[in-house]
Amino acid sequence: MHRPRRLAVALAVGALTLTACASTGRTTGSAAGAAPAPQEALPTAVPAGTELRIGDQNAQLETLLKASAQDQGTAYKLGYNAFQGGPAILEAFRAGSLDVGIVAETPAIFAQAAQQDVKVVGVAQTSRSAVHLVTSPGNPARTVAELKGKKIAYTEGTTFQPAVLNALKRAGLRTADVTLVNLQVLDIPAALQSGQIDAAALTEPLASKYLLPNAEKGAHEITDDKDLTSGLLLLITPGKTLRDPARTAALADLTARWVKALAWQNANEAAWVEQYYVKKQNIPAATGTQIYRNTGTAVFPSYDQALADHQAIADLLADAGALPGKLDVSGEFDRRFEAVQRQALAG
């Protein structure tokens, strides 16, 4: 596999982000599975003084819970911590400084490849086209095929990685046909603007924040960058948290509140756009509305359906040489939380 280059610009948030947690991980064999999820009934008592330390990205979960009023009346304290990218959340899990985080599909896969005990305790799904491939101002390429011989950046261990691999595969390109550059999420826009790279993977709101001021200079989105990921949005937790009855009970309540908040978001587009894109991200309302509609409203697949999509991404990564071997990811899902979600949505 053609190994990604690392540019000097990747130093800014290196202390926070574990950029290669998968490629240095270990498996116990070509079909390694995750540690079994707990089977006992979920505890319901939340003792006074319980706190959940939450790994958030772009303040999205915090804003969502507040906008939907789902942060009100909890029997536990919510502590929000800001991260850019799922790998940084995994590193915080390793350090014991977080109880739960929100990520796309890829970080959980890489955690398993590195034999890190992480479990999925909440599942939603948005658009499979939420990762966008965008160009530098000086790159005229309009299709993925036209990126042959170019430098393409992504963030290793995030959903950007399978998106780029899928894009290359569908365009009939090998990884050796391009130069893959591993950058921290926040460093990608600057690398694009300076022309150090030719194209990159970004999600919203970073994609629009980059394109809006650079479109007149020639920056644009690649046209055939659709359906590159699973669209999965996951609440994940370290196994250690699930061995704590107090935090597990709080997690079950948080999972229910999260799906209710997403259902609120689906029904209140204008309010969400105003609270998150306009007030939090300083993006014009019209652009925020377009971003939200492109990202897609949340749906709640069964854990079996989510597992199939999750496994497909794991297989893609393994086939591309990004994982040490094939993984059976079924053990990553704590199925006790599926009933929690269903009850929350039914209520």
With a cut-off of 6.0 Å (strictly less than), are more than 12 heavy atoms of other residues, nucleotides or ligands near NZ of Lys148? no
State the CD-CG distance between Gln70 and Leu65, to the nearest 0.5 angstrom. 7.5 Å
Exam field: side chain Thr241 to backbone Thr237, donor-acceptor pair closer than 3.5 Å: no
Do Thr223 and Val144 have side chains that approach each other closer than 4.5 Å (heavy atoms only, starting at C-beta)? no
Taking the side chain as C-beta and beyond, is there a heavy-atom pair between Tyr292 and Thr297 under 4.5 Å? yes
Check whether any side-chain heavy atom of His310 lies under 4.5 Å from a side-chain heavy atom of Ile109, and answer yes or no. yes
Has Gln161 got a side-chain atom pairing as donor or acceptor with Gly157's backbone, closer than 3.5 angstrom? yes
Return the CG to CG distance between Leu202 and Leu211, rounded to the nearest 0.5 Å. 8.0 Å
Would you call Lys119-Asp117 a salt bridge at under 4.0 Å N-O? yes
Please answer whether the main-chain N or O of Gly288 pairs with a side-chain N or O of Arg293 as donor and acceptor at a distance below 3.5 Å. no
Report yes or no: do Val185 and Leu212 belong to one cluster of Ile/Leu/Val/Met/Phe/Trp/Tyr joined by side chain heavy-atom distances under 4.5 Å? no
Going by heavy atoms in the side chains, are Glu146 and Thr143 under 4.5 Å from each other? yes
If you measure from NZ on Lys77 to CG on Asp71, what distance do you get to the nearest 0.5 Å? 13.5 Å
Could you tell me whether the side chain of Leu64 reaches within less than 4.5 Å of the side chain of Leu262, counting heavy atoms only? yes
Are any non-hydrogen side-chain atoms of Tyr76 and Arg247 less than 4.5 angstrom apart? no
Which atom pair, heavy atoms only, marks the closest approach of Pro324 to Ala113? CD-CB, 4.2 Å
All heavy atoms of Thr248 vs all of Arg243, minimum pair found to be OG1-N, 4.4 Å
Kindly give the heavy-atom pair with the smallest separation between Asn214 and Pro137, and that separation in Å. OD1-CG, 4.3 Å
I'd like to check Gln116 versus Val118 (side-chain heavy atoms, cut-off strictly below 4.5 Å). Are they in contact? yes
Under 3.5 Å, is there a donor-acceptor pair linking the side chains of Gln290 and Thr287? no
Under 3.5 Å, is there a donor-acceptor pair between the Lys209 and Gln281 side chains? yes
Short side-chain to backbone donor-acceptor contact, Thr203 and Val131, under 3.5 Å: no
Determine whether the side chains of Gln341 and Tyr303 contain a donor N or O and an acceptor N or O closer than 3.5 Å. yes
Is Thr155 reaching over with its side chain to a backbone N or O of Leu183, donor-acceptor style, under 3.5 angstrom? yes
Walk me through whether Lys326 and Asp315 qualify under side-chain contact (heavy atoms from CB on, under 4.5 Å). CA-CA 7 Å; Lys326 290 283 189 179; Asp315 291 345; 3.9 Å; yes
Closest non-hydrogen atom pair, Thr159 against Thr106: CA-OG1, 3.3 Å
Straight-line distance of Asp198 CG to Ser136 OG, nearest 0.5 Å: 5.0 Å
Arg174 and Lys169: side-chain contact (heavy atoms from CB on, under 4.5 Å), yes or no, with the steps? CA-CA 7 Å; Arg174 301 167 299 158; Lys169 181 179 179 180; over 6 Å; no
Is a side-chain donor-acceptor pair under 3.5 Å present for Gln60 with Asp56? no
Taking atom types as modelled, find out whether Ser194 and Gln196 have a side-chain donor-acceptor pair closer than 3.5 angstrom. yes
Do side-chain atoms of Asp177 reach the backbone of Leu173 as a donor and acceptor pair under 3.5 angstrom? no
Yes or no on salt bridge (charged side-chain N to carboxylate O under 4.0 Å, His left out) for Asp244 and Lys240, after CA distance, side-chain angles and deciding distance? CA-CA 7 Å; Asp244 181 333; Lys240 181 179 179 181; over 6 Å; no
Would Val299 and Trp272 show up in the same hydrophobic cluster when neighbours are defined by side-chain heavy atoms closer than 4.5 Å? no
Quick check: are there more than 12 heavy atoms from other residues, nucleotides or ligands sitting under 6.0 Å from CD of Glu216? no
Check against side-chain contact (heavy atoms from CB on, under 4.5 Å), Ile54 and Leu254: CA-CA 10 Å; Ile54 300 171; Leu254 179 66; 4.3 Å; yes
Side chains of Tyr154 and Asn182: is there a donor and an acceptor less than 3.5 Å apart? no
Is Ser208 reaching over with its side chain to a backbone N or O of Pro205, donor-acceptor style, under 3.5 angstrom? no
For Arg128 and Asp309: C-alpha separation, side-chain torsions, deciding distance, then whether salt bridge (charged side-chain N to carboxylate O under 4.0 Å, His left out) applies. CA-CA 10 Å; Arg128 297 174 187 266; Asp309 287 333; 3.1 Å; yes
N/O donor-acceptor pair under 3.5 Å between Asn81 side chain and Gly55 backbone: no
Spacing of Lys150 atom NZ and Leu180 atom CG [to the nearest 0.5 Å]: 15.0 Å
Working to the nearest 0.5 angstrom, can you tell me the gap between Asn294 CG and His132 NE2? 6.0 Å
Taking Ile291's backbone N and O only, do any of them form a donor-acceptor pair with Thr295's side chain (distance below 3.5 Å, no angle check)? yes
Taking atom types as modelled and ignoring hydrogens, do the side chains of Asp328 and Gln112 form a donor-acceptor contact shorter than 3.5 angstrom? no
Between Asn266 and Ala298 (side chain of the first, backbone of the second, donor and acceptor by atom type, cut-off under 3.5 Å), is there such a pair? yes
Nearest atoms (heavy-atom pairs only) where Phe300 meets Ala263: CZ-N, 4.3 Å
Does some side-chain heavy atom of Asp227 sit less than 4.5 Å from a side-chain heavy atom of Arg170? yes
Derivation of the side-chain contact (heavy atoms from CB on, under 4.5 Å) call for Tyr276 and Asn58: CA-CA 10 Å; Tyr276 184 66; Asn58 295 311; 3.3 Å; yes
Looking only at heavy atoms, the pair that brings Phe83 and Leu98 closest together is CE1-CD1, 3.5 Å
Check whether the side chains of Ser230 and Glu105 place a donor and an acceptor atom closer than 3.5 Å, and report yes or no. yes
